[in-house]
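Here the structure comes first, spelled out in structure tokens, and everything after it is commentary.
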Amino acid sequence: MAARNAPESSSSSLIDELGRCCYQRDLPGAIRIMDAMERHGVRADSIMYSELIKCCLARGGVEQGKLVHKHVFSNGYQPTMFLINILINMYVKFDLLDEAWKLFDQMRERNVVSWTTMISAYCNAKLNERALKFLVLMLREGVRPNMFTYSSILRACAGLWNLRQLHCSITKAGLESDVFVRSALIDSYSKMGELQNALSVFNEMVTGDLVVWNSIIGGFAQNSDGDEALNLFKSMKRAGFPSHQATLTSVLRACTGLSLLELGRQVHVHVLKFDQDLILNNALLDMYCKCGSVADANTIFTRMLEKDVISWSTMIAGLAQNGFSQEALRLFESMKLSGMKPNYVTIVGVLFACSHAGLVEDGWYYFRSMKQLFGIDPGREHYGCIIDLLGRAGKLDEAVRLIHGMKSEPDAITWRTLLGACRVHRHVDLAIYAAKRILELDPQDSGTYILLSNIYAKSQKWEDVEEIRRAMKTRGIKKEPGCSWIEVNKQIYAFIIGDNSNPQMDKITKYLNHLIQRLMEVGYFPDTNFVLQDLEGEQGEDSLRYHSEKLAIAFGMMSFSKEKTVRIWKNIRICGDCHVFAKLLAKKENRIIVIRDPIRYHHFQDGICSCGDYW
DNA sequence: CTAGGGTTAG
């Protein structure tokens with residue numbers, strides 16, 4: 001308004017007026033004054049232009065930003081490097097990388113800020129290769145990267161670049177102590193799974209910094225080392241840092257990985273003060289689902305004001321994994337009604353629910369129509385669900401045909417799914433075939449070697465047994481011992497097959513024998529006959545009688561009152577005999593037993609298991 | 001004028 005009232009004002013008053021408009025974030029007013037300035041051939045200084053650009057950014061004025069750009073360069077004027085950098089940054093913030101690049105390309109001279117702005121923009125756009133190319137060009141032009149450059153580029157280099165080499169340059173430049181660089185380094189090492197390197201960067205820190213702590217805790221949590229993540233969290237608290245959303249999210253993820261429901265509940269209390277944080281709520285949902293407490297998850301889900309596709313997907317998969325397939329599918333319907341668009345992961349959960357409930361028709365329907373309905377191409381995980389579905393229905397040949405016709409190459413998990421179907425239908429020949437495919441793709445999978453060797457031993461093919469042993473030896477494969485854990489009085493007890501170090505072991509074994517005795521009265525008989533029942537090969541060294549999960553269950557029942565759910569988790573998959581044992585025990589003793597293996601949950605109640613005897 | 005940390009499947 002002011003500009004229109006004072007069309008012939010002097011150059012200095014125009015600039016004063018421009019300053020006022022910028023300060024008040026009056027973008028239309030500022031642009032009008034800029035027009036007037038252009039007519040009068042008046043220019044502002046770089047600082048004033050930068051204020052004007054800030055105003056454009058604050059108001060989302062892309063077009064106005066372009067006008068400013070034109071004005072700055074009008075009459076053949078060559079703006080300062082400082083000002084061009086700001087213009088480049090403006091285009092980056094507006095997501096117009098091509099415009100930013102054009103400006104950058106035309107610069108006569110570029111400093112570290114110009115380069116870093118572009119590199120950071122490419123990193124954010126996940127154009128990692130291009131970001132790295134720019135780093136090389138920058139070095140070639142003799143511009144030295146600073147801490148801003150390194151903390152940006154580090155996010156792009158995971159997997160693409162020699163991280164250690166970059167780390168060396170950082171150290172040489174004396175930039176390692178910068179907290180931004182440090183957290184980026186930790187993050188990059190974590191993303192490449194090099195936790196020891198991440199930890200040594202972390203340990204060199206003297207000053208302490210919230211984000212650096214979050215980086216290292218997140219690193220361990222994401223690499224499924226929940227123990228270390230939780231230890232670090234304790235140290236962080238001891239060092240006096242307050243819990244931040246990102247910290248708690250990682251801590252919850254650690255609880256999820258370790259199935260620590262009780263600790264998860266305690267963390268929940270701290271989450272309450274951030275009750276609007278979407279990511280944190282999603283992590284909480286997942287924790288309750290994966291720790292087998294669907295009721296708690298449901299409560300959280302219902303109370304969440306804001307839900308995104310991850311919230312829905314987590315809840316759908318969580319219901320399905322816990323055996324509530326119908327509820328999962330109903331929730332999927334509500335999701336569609338709510339207008340939320342499902343993604344790749346959502347459909348995995350939906351198909352999982354179908355296969356779990358034996359809903360062959362629905363499963364095929366979603367699988368065949370996911371592309372048209374939701375624009376999602378079926379991937380390995382989707383195929384896996386359908387293989388599972390066919391396997392359950394006993395259509396093993398069809399499952400094999402599906403695998404051979406897959407658009408994405410089958411991986412070890414695909415073949416393991418088929419192997420699971422072979423176990424249920426006692427199809428030994430196909431099991432051997434699947435096991436061989438697994439070992440081609442995952443030569444480190446000790447369980448599959450044991451399984452194959454057990455199959456061969458059973459049919460007295462000793463030469464084949466010998467061959468497997470040799471292969472294991474040359475490849476340095478050690479059998480992973482079966483191990484089960486249980487939390488009693490905030491203490492974690494581990495039961496490892498063949499390990500009797502628990503001081504109460506005598507009592508526990510005695511009690512377990514007593515339980516087995518009672519079950520045998522109602523028809524239980526330990527089934528050692530069929531090798532395929534033990535997919536991961538816990539048997540062999542010791543009798544089935546003392547499989548780690550049986551000991552853990554016995555210990556849990558000794559320690560808890562009848563109402564308390566006995567929650568066990570174990571490192572390898574549950575064997576068929578232990579599965580029968582747990583089902584009968586749950587009924588006979590009127591208990592709820594929950595066992596979590598590396599891939600799924602088994603809820604034993606009333607003589608049945610949520611997995612429907614298929615895993 | 002340029003920079004760092006968190007959530008879903010298998």
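Being a predicted model, the structure only gives us computed values, none of them experimental. Each chain gets a letter, A, B and so on, in the order the sequences are listed, and its residues count up from 1.
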Self-check item: Interface with DNA chain B, restricted to residues 171-184 of chain A and to heavy atoms under 4.0 Å
Solution: A:Asp178, A:Val179, A:Phe180, A:Ser183
Self-check item: Check: B:dA3 base within 3.5 Å donor-acceptor of A:Ser151 side chain
Solution: yes
Quiz prompt | Minimum-distance nucleotide to A:Asn89 side chain [options: B:dA9, B:dT8, B:dT2] | solution = B:dT2
Quiz item: Hey, are A:Asp275 and A:Asn281 close enough side-chain-wise for a donor-acceptor pair under 3.5 Å?
Solution: no
Practice problem: Determine the contact category for A:Asp209: base if any of its heavy atoms lies under 4.0 Å from a base atom, sugar-phosphate if only primed atoms, P, OP1 or OP2 are that close, otherwise nothing. | Solution: base
Quiz item: A:Leu278 has an atom CG; how far is it from atom C1' of B:dT8, in whole Å?
Solution: 11 Å
Quiz item: Taking atom P of B:dG6 as reference, at what distance in whole Å does atom CD1 of A:Ile217 sit?
Solution: 12 Å
Quiz prompt | Selected nucleotide, minimal atom distance to A:Asn282 side chain, candidates B:dT8, B:dT7, B:dA3 | solution = B:dT7
Exercise. Only counting residues at least two apart or in another chain, list the ones meeting salt bridge (Lys or Arg N to Asp or Glu O under 4.0 Å) with A:Glu306.
Key: none
Quiz item: In chain order, what residues pass the side chain to side chain contact (heavy atoms under 4.5 Å, CB included) check against A:Ser177, with sequence neighbours excluded?
Solution: A:Arg182
Could you pull out all donor-acceptor pairs under 3.5 Å where a side-chain atom in residues 87-97 of chain A meets a protein atom, sequence neighbours excluded?
from	atom 1	to	atom 2	distance (Å)
A:Asn89	OD1	A:Lys93	NZ	3.0
A:Tyr91	OH	A:His69	ND1	2.7

Quiz item: Which listed nucleotide (B:dG4, B:dA9, B:dT7) is nearest to the side chain of A:Val212?
Solution: B:dG4
Quiz prompt | Selection from B:dT7, B:dT8, B:dT2 that lies nearest to any side-chain heavy atom of A:Asn343 | solution = B:dT8
Exercise. Could you tell me the separation between the CG atom of A:Leu418 and the C1' atom of B:dG10, rounded to a whole number of Å?
Key: 16 Å
Quiz item: With a 3.5 Å cut-off and no angle check, do the side chains of A:Ser200 and A:Asn203 form a donor-acceptor pair?
Solution: no
Quiz item: Can A:Ser114 and A:Asn85 be counted as having a side-chain donor-acceptor contact under 3.5 angstrom?
Solution: yes
Quiz item: Given B:dT8, B:dG4, B:dA9, which nucleotide is nearest the side-chain atoms of A:Val211?
Solution: B:dG4
Quiz item: Is any side-chain nitrogen or oxygen of A:Gln321 closer than 4.0 Å to OP1 or OP2 of B:dT8?
Solution: no
Quiz item: So which of residues 243-259 of chain A are in contact with DNA chain B, with a heavy-atom cut-off of under 4.0 Å?
Solution: A:His244, A:Gln245, A:Ala246, A:Thr249, A:Ser250, A:Arg253
Quiz prompt | Options B:dC1, B:dG10, B:dG4, nucleotide nearest the side-chain atoms of A:Asn111 | solution = B:dC1
Self-check item: A:Ser50 vs B:dC1: side-chain N/O to OP1/OP2 distance below 4.0 Å
Solution: no
Quiz item: Residues in side chain to side chain contact (heavy atoms under 4.5 Å, CB included) with A:Lys172, at least two apart?
Solution: none
Quiz item: Can we say A:Asp442 and A:Arg416 salt-bridge, meaning some charged N sits less than 4.0 Å from an Asp/Glu carboxylate O?
Solution: yes
Exercise. Would you mind telling me which of B:dC1, B:dG4, B:dG10 lies closest to the side-chain atoms of A:Ile86?
Key: B:dC1
Quiz item: Between atom NZ in A:Lys191 and atom P in B:dG4, what is the gap in whole Å?
Solution: 11 Å
Exercise. Measure the spacing between NE2 of A:His382 and OG of A:Ser355 and express it to the nearest 0.5 Å.
Key: 12.0 Å
Quiz item: To the nearest angstrom, how far is A:Tyr288 atom OH from B:dT8 atom P?
Solution: 17 Å
Quiz prompt | Proximal nucleotide (of B:dC1, B:dA9, B:dT2) relative to the A:Asn146 side chain | solution = B:dT2
Quiz prompt | Rounded distance in Å - CG (A:Asp277) to P (B:dG6) | solution = 13 Å
Quiz item: Does A:Lys341 make a cation-pi contact with A:Phe374 (under 6.0 Å, within 45 degrees of the axis)?
Solution: no
